[in-house]
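Scroll down for the structure; my scribbles are underneath it.
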Amino acid sequence: MYFIGIDRGLYLPVYPAFILQEFQARNEFLVGFEDDIKISDTHYFEQLQQSYIERLTKVRVHQPVFRARVLQAYETSCAICRLRHAELLDAAHIIPDGRPNGDPIVPNGLALCKIHHAAYDHNFIGIRPDGVIEVKDSLMGVSDGQMLLHGIQKIAGTQIYIPRARAAKPDTGRLEVRYEEFKKAG
């Protein structure tokens, strides 16, 4: 692990990191990372020059179709706040992709704006099988600006928007499984 100094007492860990070479005379090391980034200049991160690497990534081929179907079912609006800008909406999985029952089908999806998607994925908010939204207790007493107040705290106890088409409604069994994960997360 390599710690990059951000501020006094604040570091960003980068990992995995590998010692590639030692320069004993200078008390320095050549450090490498999984993406072939090599650092031998101790001031590398202080200058923060723009640099890029190419990555080979696994792409979920089904994701564009899943997104289109979910956004259409939810009439291109967030199921929680009703934001209607497609560029700011995601097709969120109720049961995460790649897990049992994490199928890329509309009943396993929710159209969520990027804030609510992140909050849902990180268990800051949970959705009960009856569609009622719960907010993590530790967030309810916090004063952290307008977004937290209006975007998260005030949605507690409200109902998500449910698509009209019966086949597009969120699967209550999947919501139950995901809600139990939310409760266990604290």
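Between Asn108 and Gly102, the shortest heavy-atom contact is ND2-C, 3.4 Å. Contact between Ile105 and Phe66 at its shortest, heavy atoms only, is O-CE1, 3.3 Å. Looking at every heavy atom in both residues, Ile125 comes nearest to His116 through CD1-O, 3.8 Å. Heavy-atom minimum distance, Leu175 versus Pro170: CD1-CB, 3.8 Å. Between Ile152 and Ala119, the shortest heavy-atom contact is CD1-CB, 3.9 Å. Residues Ile127 and Tyr179 approach most closely at O-CB, 3.5 Å, considering heavy atoms.
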For Arg67 and Asp90, what are the C-alpha separation, side-chain angles and deciding distance, and is it a salt bridge (charged side-chain N to carboxylate O under 4.0 Å, His left out)? CA-CA 7 Å; Arg67 175 180 168 27; Asp90 291 332; 5.7 Å; no

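From Glu87, atom CD reaches atom OG1 of Thr76 across 10.0 Å, with rounding to the nearest 0.5 Å. The distance from atom NE2 of His117 to atom SG of Cys78, rounded to the nearest 0.5 Å, is 10.5 Å. To the nearest 0.5 angstrom, Ile80 atom CD1 is 8.5 Å from Tyr120 atom OH. Interatomic distance, CG of Leu139 versus CZ of Phe124, reported as 6.0 Å (0.5 Å rounding). Interatomic distance, Arg128 CZ to Phe182 CZ, rounded to the nearest 0.5 Å: 10.5 Å. Considering CD1 of Ile94 and CZ of Arg99, their distance stands at 12.0 Å, rounded to 0.5 Å.
For the pair Ile160/Ile133, a side-chain contact is recorded, criterion being any heavy-atom separation below 4.5 Å from C-beta on. Side chains of Pro13 and Tyr2 form no contact here, defined as non-hydrogen atoms less than 4.5 Å apart. Counting heavy atoms from C-beta outward, Leu71 and Leu89 have side chains that approach closer than 4.5 Å. Here the side chains of Val177 and Ile95 are in contact, with some heavy-atom distance below 4.5 Å. For the pair Phe23/Phe29, no side-chain contact is recorded, criterion being any heavy-atom separation below 4.5 Å from C-beta on. Using a 4.5 Å heavy-atom threshold, the side chains of Asn101 and Arg174 count as touching.
A salt bridge links Glu180 with Lys183; the closest basic N to acidic carboxylate O contact falls under 4.0 Å.
In the model, Arg178 has a side-chain atom that pairs as donor or acceptor with a side-chain atom of Asn123 under 3.5 Å.
Clustering ILVMFWY residues whenever any of their side-chain heavy atoms sit less than 4.5 angstrom apart, transitively, puts Ile155 in the very cluster that holds Ile162. Cluster annotation: Leu149 is not connected to Val142 through the hydrophobic network of ILVMFWY side chains, with a link wherever side-chain heavy atoms come within less than 4.5 Å.
Formation of a donor-acceptor pair under 3.5 Å by the Lys169 side chain with backbone atoms of Pro163 is found in this model.
Within 6.0 Å of atom CD in Glu22, more than 12 heavy atoms from other residues, nucleotides or ligands are found, so the atom counts as buried in its surroundings. Residue Leu83 qualifies as enclosed at atom CG: its count of foreign heavy atoms under 6.0 Å is above 12.
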